Amino acid sequence: MDQKSISKAVIRRLPRYYRYLGELMEEGVERISSNELSEKMRVTASQIRQDLNNFGGFGQQGYGYNVPYLYTEIGKILGLDKTHHMIIIGAGNLGQALANYVKFEKRGFKIVGIFDVNPVLKGISIRGNQIRMMDELPEFLKEQEVQIAALTLPKGNAAETADFLVQHGIKAIWNFAHLDLDVPEDVIVENVHLSESLMRLSYNLNCYVTEHQKNED
Ligand code: NAI
């Protein structure tokens, strides 16, 4: 399978398929038709067929999809069959919340270090990881293989920190700071902005309220 030819839109939808298939596995479901999956996921059956056709013969006419097989294959495509080591930069509210979330590890994202500049936080243990100071980071990165860095520090310090991480070999940044990072082409940045999601919710709420008012008039 040539993963490079798969569109970004399909890749964006894959984690959702993965999640639903995981739930089906937990319920002991062995196979599912695209129509059933469509009802469950509220996506059209043709969209599901189109998306999954990108990955070759997962579905069979009259049989549907083999749930454990599809789950495993999508997991492989998403790279979830490997363990990724992740560090967190900024051990404040958000950084600590991420560090406390156990399910990342179940998905293969192992938090191996948490770093901050505030000496008050030094040594505090979060699920077995003691918060370290930033000046320990270069040595740490020499000793540990780290693929992902989560940035949960103030926006004003994010660019400089990202440069530093890139110089020390980090290739993937999970960026929570509200800043678009300027990184070399071979570095991948995934931005997460909860407030943007909230703004979309607000927009949709506004549309709903306006529509409702129109209907009442
Ligand atoms: P916080 O103030 O609780 O934590 C920030 C931590 O970063 C502090 O412990 C501070 O000492 C540390 N820090 C500052 N400069 C640093 C540096 N150069 N290197 C390492 N650590 C450094 O803030 P909170 O609430 O945890 O938010 C963290 C960041 O995440 C902020 O930029 C905030 O705007 C952003 N945020 C983003 C969200 C999103 O959806 N993208 C949601 C919530 C917060």
Side-chain angles (χ1 to χ4, degrees), residues 8-9 11-20 78-80 84-208:
K8 283 193 179 153
I11 301 290
R12 265 199 301 276
R13 288 193 286 270
L14 283 187
R16 192 153 178 264
Y17 286 115
Y18 188 76
R19 180 161 56 82
Y20 271 88
L78 292 171
L80 303 178
H84 295 98
H85 286 181
M86 174 159 82
I87 53 173
I88 294 175
I89 311 291
N93 292 310
L94 185 56
Q96 293 199 24
L98 294 181
N100 270 312
Y101 187 59
V102 287
K103 285 212 173 149
F104 293 139
E105 204 158 312
K106 287 192 186 148
R107 292 270 180 263
F109 300 97
K110 187 171 165 48
I111 294 164
V112 292
I114 310 168
F115 293 84
D116 205 287
V117 286
N118 183 354
V120 171
L121 297 173
K122 186 175 176 164
I124 293 176
S125 179
I126 303 167
R127 289 185 56 247
N129 271 307
Q130 289 195 344
I131 299 174
R132 298 167 207 251
M133 293 295 95
M134 280 300 275
D135 54 12
E136 298 172 55
L137 185 57
E139 203 52 39
F140 183 90
L141 290 175
K142 268 190 218 155
E143 285 165 13
Q144 285 265 358
E145 219 181 285
V146 177
Q147 289 86 35
I148 303 172
L151 288 191
T152 52
L153 75 174
K155 171 182 170 175
N157 302 344
E160 192 190 337
T161 306
D163 288 347
F164 176 86
L165 289 165
V166 169
Q167 277 163 22
H168 287 81
I170 294 292
K171 291 285 180 211
I173 297 177
W174 197 24
N175 177 33
F176 287 83
H178 296 291
L179 180 80
D180 292 326
L181 298 171
D182 194 8
V183 293
E185 262 181 22
D186 63 340
V187 177
I188 301 144
V189 177
E190 177 70 27
N191 295 308
V192 184
H193 294 310
L194 297 181
S195 44
E196 289 180 11
S197 171
L198 212 45
M199 285 179 217
R200 283 192 290 274
L201 186 67
S202 153
Y203 169 81
N204 286 321
L205 182 65
N206 270 349
C207 291
Y208 175 81

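Keep in mind it's a predicted model, so treat the numbers as computed, not measured. We count ligands from 1, going down the list as the structure has it; atoms in each ligand are counted the same way.
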Chemist: Looking at every non-hydrogen atom in both residues, tell me the closest pair between I126 and A99 and how far apart they are.
Modeler: CG2-CB, 3.6 Å
Chemist: Within the supplied structure, the quantity of interest is the number of heavy atoms (other residues, nucleotides, ligands) at a distance under 6.0 Å from K171 NZ; does it exceed 12?
Modeler: yes
Chemist: Scan the protein's non-hydrogen atoms and note whether one is under 4.0 Å from atom 2 (O) of ligand 1.
Modeler: no
Chemist: For H178, which part has a heavy atom under 4.0 Å from ligand 1: side chain, backbone, both, or neither?
Modeler: side chain
Chemist: Considering the heavy atoms of K155, write down every atom of ligand 1 situated less than 4.0 Å from one of them.
Modeler: 32 (O)
Chemist: Which residue supplies the protein heavy atom nearest to atom 14 (C) of ligand 1, what is that atom called, and how far is it?
Modeler: P154 CD, 3.3 Å
Chemist: Identify, by atom number and element, the atoms of ligand 1 in contact range of T152, meaning under 4.0 Å from any of its heavy atoms.
Modeler: 5 (C), 7 (O), 28 (C), 29 (C)
Chemist: Distance under 4.0 Å to a non-hydrogen atom of L153: what atoms of ligand 1 satisfy this?
Modeler: 7 (O), 16 (C), 17 (C), 18 (N), 19 (N), 22 (C), 29 (C), 31 (C), 32 (O)
Chemist: Could you tell me if the side chain of I87 sits less than 4.5 Å from the side chain of L137, heavy atoms only?
Modeler: yes
Chemist: Could you tell me the separation between the CG atom of L194 and the CZ atom of F176, rounded to the nearest 0.5 Å?
Modeler: 7.0 Å
Chemist: Look at atom 15 (N) of ligand 1 and say which protein heavy atom is nearest, naming residue and atom and giving the distance to 0.1 Å.
Modeler: N157 ND2, 2.7 Å
Chemist: Do any non-hydrogen protein atoms sit less than 4.0 Å from atom 30 (O) of ligand 1?
Modeler: yes
Chemist: For the pair S125 (side chain) and Q130 (backbone), establish whether a donor and an acceptor sit closer than 3.5 Å, ignoring hydrogens and angles.
Modeler: no
Chemist: Could you tell me, atom by atom, which parts of ligand 1 come under 4.0 Å of a heavy atom of G90?
Modeler: 7 (O), 21 (N)
Chemist: For the atom pair CD1 (I114) and CE (M86), what is the distance rounded to the nearest 0.5 Å?
Modeler: 9.5 Å
Chemist: Specify the protein heavy atom at minimum distance from atom 43 (C) of ligand 1: its residue, its atom name, and the distance to 0.1 Å.
Modeler: L94 CD2, 3.8 Å
Chemist: Can you sort out which atoms of ligand 1 are near I89, meaning under 4.0 Å from one of its heavy atoms?
Modeler: 20 (C)
Chemist: With heavy-atom distances below 4.0 Å as the criterion, list the atoms of ligand 1 near N118.
Modeler: 11 (O)
Chemist: Is the shortest N/O to N/O distance between G95 and ligand 1 below 3.5 Å?
Modeler: no
Chemist: If you draw a 6.0 Å radius around CG in D182, do more than 12 non-hydrogen atoms from other residues or ligands fall strictly inside?
Modeler: no
Chemist: At what distance is the nearest protein heavy atom to atom 35 (C) of ligand 1, and which residue and atom is it?
Modeler: F176 O, 3.6 Å
Chemist: Does the E139 side chain pair with the main chain of E136, one donor and one acceptor, at a distance under 3.5 Å?
Modeler: no
Chemist: Out of N93, V117, I88, whose heavy atom sits nearest atom 16 (C) of ligand 1?
Modeler: V117
Chemist: List every atom of ligand 1 that sits less than 4.0 Å from any heavy atom of L121, numbering the atoms from 1 in the order shown and giving each element.
Modeler: 9 (O)
Chemist: Please state which protein non-hydrogen atom is closest to atom 8 (C) of ligand 1 and give its distance, to 0.1 Å?
Modeler: D116 OD2, 3.5 Å
Chemist: Taking all non-hydrogen atoms of both residues, which atom of A162 and which atom of I173 are closest, and how far apart?
Modeler: CB-CD1, 4.0 Å
Chemist: If you take all heavy atoms of V189 and V183, which pair is closest and at what distance?
Modeler: CG2-CG2, 3.6 Å
Chemist: Using a 4.0 Å cutoff against the non-hydrogen atoms of V192, which atoms of ligand 1 qualify?
Modeler: 39 (C), 40 (O), 41 (N)
